[in-house]
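In what follows, chains are A, B, ... by sequence order, proteins preceding strands, each numbered from 1.
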Amino acid sequence: MRHLLHAARWILLLQLLLVAGFAHGARSVSVISAQTNYQVEVLSHDGVEYVGLTDLLEPLGRVESHVEGNRVRFLFNGAEAVFEQGNTQCRVRSTRVDLPASFLLQDGRGYIPLASVGVLLPKLAELTAEMHPASRRIFVGIASIRYTAELRTSPSRMVLSFSAPVNPSTYMEKNRVRLLFRREPVVGGTASKLTYSDPFVRGVTFNESAAGAEVAVQVAQPATVTVGDGGRTLTISPAQAAAAPGATSPVAPPDAVSNPGQQVAPVAPPAVKIARGKAFVMLDAAHGGADAGAASSPAEKLLTLALARRVQRELEAKGISVVLARASDVALSFDQRAAAANVARVSLYVAIHLSPEGHGARVYSTLLPPATLAEQDRRAFLPWDLAQAPYLERSAQAAVAVAGALNSAGVTARNSAVALRPLNSVTAPAIAVEFAPLDGGAAELATPVYQQKVASALAVAIATLRGRWEEAQ
Amino acid sequence: MISRKLQVFTVLLVLVILAMAGYFVHLKRKAEAIASPQLQQALVAPVNGPAETTLLFLPNDEDGTLRATSVTLALPSDSGERARLALHTLIARGMEKDSPHPYGAGADVHDVFLMDPNSAVVNLNQSLVAGQHPGIQNEQLTLYSMVLTLKAQLPQLARVRFLVEGKSAETLAGHVALSDWMDVAQVQQSAPIAH
Ligand SMILES: [Zn+2]
């Protein structure tokens with residue numbers, strides 16, 4: 001009877017989740033930029049889909065909006081756009097722009113047709129915006145990644161070449177290898193389905209959904225995936241061929257094939273390399289959206305964001321480039337945070353937390369269970385949950401170094417290790433810093449004096465770490 | 001004219017109602033008293049074995065440490081039950097007034113399953129999770145205090161897995177991961193133990 005009740009509860013919960021998922025999926029678009037990703041709600045009006053201008057642009061920069069009668073004057077990072085209720089023309093940086101449908105003003109908020117985002121964003125924000133209607137995703141400021149699929153023979157193998165390095169989630173299934181690109185703007189070629197009369201490769205399909213872009217390779221026997229050219233090529237070959245001496249290392253052992261849905265991430269070299277032309281550090285303001293974090297006042301999610309912004313300013317003033325995992329109060333899953341860090345190919349990931357309890361700062365690296373790691377030792381691909389494995393030592397060293405530098409900068413700090421999400425899935429040295437009051441009570445956390453003190457101390461600590469790594473290089 | 005019988009009946013009815021109301025208030029007070037942490041203390045550790053000395057690792061949110069404290073408990077011979085009682089006592093300590101690491105009302109451990117001498121699965125109750133203060137340090141202290149207290153009971157213990165109401169959970173309260181085994185040696189190495 002208890003079991004029955006339990007089952008009924010779960011079924012109800014699943015139904016609720018499904019309904020919520022559909023409702024959400026139908027009424028929103030995902031915006032993915034180099035700095036952040038977030039959902040924007042879509043409003044349907046007279047059969048046209050609209051998005052709120054503020055919702056769309058706030059996570060990307062400084063936004064101001066002034067409503068004067070039926071006109072809206074909108075400023076994004078100082079650039080001006082003027083819209084008029086019911087008008088299909090608007091003015092952006094003093095040039096006229098035609099909209100596919102009229103501008104909408106509702107409850108003092110301005111809405112633009114969803115279809116106009118691709119035109120307006122480049123003009124207003126000087127950012128490229130690429131719409132992927134099938135998956136309801138908008139890529140902002142990121143160039144599409146194209147790929148070619150080439151069948152090679154003796155032995156038969158499929159070589160996928162990408163225009164930029166990729167790091168998909170790989171699912172080994174019976175007769176199929178699925179490569180899922182969650183945050184990478186991979187676009188399909190001319191045909192979404194290719195078929196071959198090869199003994200090993202039967203076909204390649206391309207698909208885009210809200211989960212991301214997916215390339216699936218149909219195979220006649222168990223396959224392995226190997227990564228080459230710094231992540232630009234993925235080769236799918238028969239498992240036996242790959243196991244032969246002199247061949248590249250197999251991605252998944254044959255036993256993984258019987259385990260559909262197993263997610264794997266590529267093993268990256270353990271050495272810390274500071275990638276040129278990439279942001280050095282991702283600052284991840286922990287929590288957001290419905291996840292408020294610790295019960296401080298204001299909520300931890302808001303304090304972390306304010307602090308991350310301050311640290312960003314401090315670091316940029318020192319010439320160190322930064323990406324933020326989130327730039328507004330949005331909910332991001334642990335996987336989305338890790339994926340964002342991995343796609344941005346940062347050299348360091350720092351999660352920022354604040355806690356009203358205790359004193360000073362605590363700096364953590366994550367722990368991965370050695371038994372689970374040992375099972376993975378033989379494999380060339382690590383499961384997503386263990387992607388941090390090659391960086392554990394560097395992360396622990398980074399935690400010690402950052403705690404030391406914080407102490408020197410006048411913020412009492414100590415370091416420790418504990419299993420933390422999403423650090424376990426980050427393919428770079430990764431630490432989490434939890435800041436507690438210094439000499440006052442919990443109210444101190446929200447004061448500008450406190451925030452500035454810990455922000456500049458953390459920025460100095462990160463800069464010191466970078467300096468050390470550069471020396472080592 | 002109201003009959004005398006009816007008058008007597010009405011008076012009796014009013015008396016019964018008043019008595020029931022009084023009894024209800026009494027029951028409510030009693031229920032509140034049972035729910036209070038002080039009384040829960042008294043229910044801890046049933047005496048069903050010889051008194052033994054064991055170590056509890058008590059968390060302190062203020063300085064972020066764990067303090068080894070020796071206590072004398074009457075523990076049963078079954079090792080799973082012994083382990084559960086040790087954790088129960090550890091949590092009960094945290095429910096005392098002015099505790100440096102408070103737990104939510106009703107926080108407890110349902111069971112400790114020993115898979116083999118090396119592996120223990122700890123089944124936490126929902127009240128413990130609901131009352132957990134979110135934060136890396138807070139969550140680390142809750143979990144590490146249990147792992148170290150178990151290790152003191154079970155010298156061969158190598159790994160511990162935490163479940164919530166019998167189910168695997170992603171994190172304890174949004175920070176520390178519960179999705180995999182915790183390695184006891186790693187915990188011993190990284191636990192902030194006060195000396
Ligand atoms: Zn937090």
Side-chain angles (χ1 to χ4, degrees), chain A residues 2 6 10 286-288 290-296 299-301 333-335 351-374 383 385-386 392 396 399 412-425 431-437, chain B residues 59-66 99-102 104 115-116 118-119 130-145 147-148 158-162 165-194:
Chain A
R2 239 177 97 191
H6 240 78
W10 275 106
H287 313 289
D291 169 17
S296 51
E300 185 191 355
K301 63 170 185 175
S333 69
F334 288 128
D335 284 347
I352 295 176
H353 291 263
L354 284 105
S355 164
E357 278 143 321
H359 291 285
R362 284 87 72 156
V363 188
Y364 301 89
S365 58
T366 194
L367 291 174
L368 299 174
T372 319
L373 279 179
D385 290 345
L386 302 176
L392 277 175
T412 321
R414 53 187 183 74
N415 68 284
S416 181
V418 66
L420 282 177
R421 302 217 55 203
L423 277 65
N424 58 321
S425 298
I431 57 169
V433 187
E434 187 172 66
F435 289 104
Chain B
N60 185 327
D61 295 343
E62 219 21 54
D63 61 5
T65 61
L66 295 163
S99 153
H101 183 82
M115 316 292 285
D116 54 63
N118 303 324
S119 313
Q132 170 70 45
H133 291 198
I136 304 178
Q137 176 178 284
N138 288 334
E139 293 172 40
Q140 183 196 35
L141 290 179
T142 296
L143 297 168
Y144 281 18
S145 73
V147 172
L148 295 176
R159 55 181 200 159
V160 179
R161 179 83 195 257
F162 288 94
E165 298 290 342
K167 291 192 199 77
S168 180
E170 192 171 42
T171 62
L172 181 57
H175 295 82
V176 176
L178 295 186
S179 44
D180 212 331
W181 289 91
M182 280 197 183
D183 184 74
V184 175
Q186 281 183 345
V187 169
Q188 285 179 308
Q189 215 169 50
S190 37
I193 296 171

Residues 414-424 of chain A, side-chain donor-acceptor partners within the protein, below 3.5 Å, at least two apart:
unit_1, atom_1, unit_2, atom_2, d
A:Arg414, NH2, B:Gly64, O, 3.2
A:Arg414, NH2, B:Gln137, OE1, 2.7
A:Ser416, OG, B:Gln140, NE2, 2.8
A:Ser416, OG, B:Ser190, O, 3.0
A:Arg421, NH1, B:Glu170, OE2, 2.4
A:Arg421, NH2, A:Asp335, OD1, 3.1
A:Asn424, ND2, A:Asp385, O, 3.2

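For B:His133, the part lying near chain A is the side chain, with the backbone staying farther off; criterion is any non-hydrogen pair under 4.5 Å. Using a 4.5 Å cut-off between heavy atoms, A:His353 contacts chain B through its side chain alone, with no backbone atom that close.
Between B:Gly174 and A:His287, the closest heavy-atom pair is O-CE1, 4.2 Å.
Under a 3.5 Å cut-off, the side chain of A:Glu357 and the backbone N or O of B:His101 do not form any donor-acceptor pair.
Interface check for chain B: of the options A:Gly293, A:Pro369, A:Gly360, the most heavy-atom pairs under 4.5 Å are formed by A:Pro369. Ranking B:Asp61, B:Ile136, B:Val176 against chain A, the residue ahead of the rest is B:Ile136, based on heavy-atom pairs under 4.5 Å.
Remark: B:Gln188 CD is packed, more than 12 non-hydrogen atoms of other residues, nucleotides or ligands lying under 6.0 Å away.
Listed by first then second residue, pairs satisfying salt bridge (charged side-chain N to carboxylate O under 4.0 Å, His left out) with a partner in residues 174-193 of chain B number zero, not counting sequence neighbours.
Taking CD from A:Glu300 and NE2 from B:His175, the interatomic distance works out to 4.5 Å, rounded to the nearest 0.5 Å.
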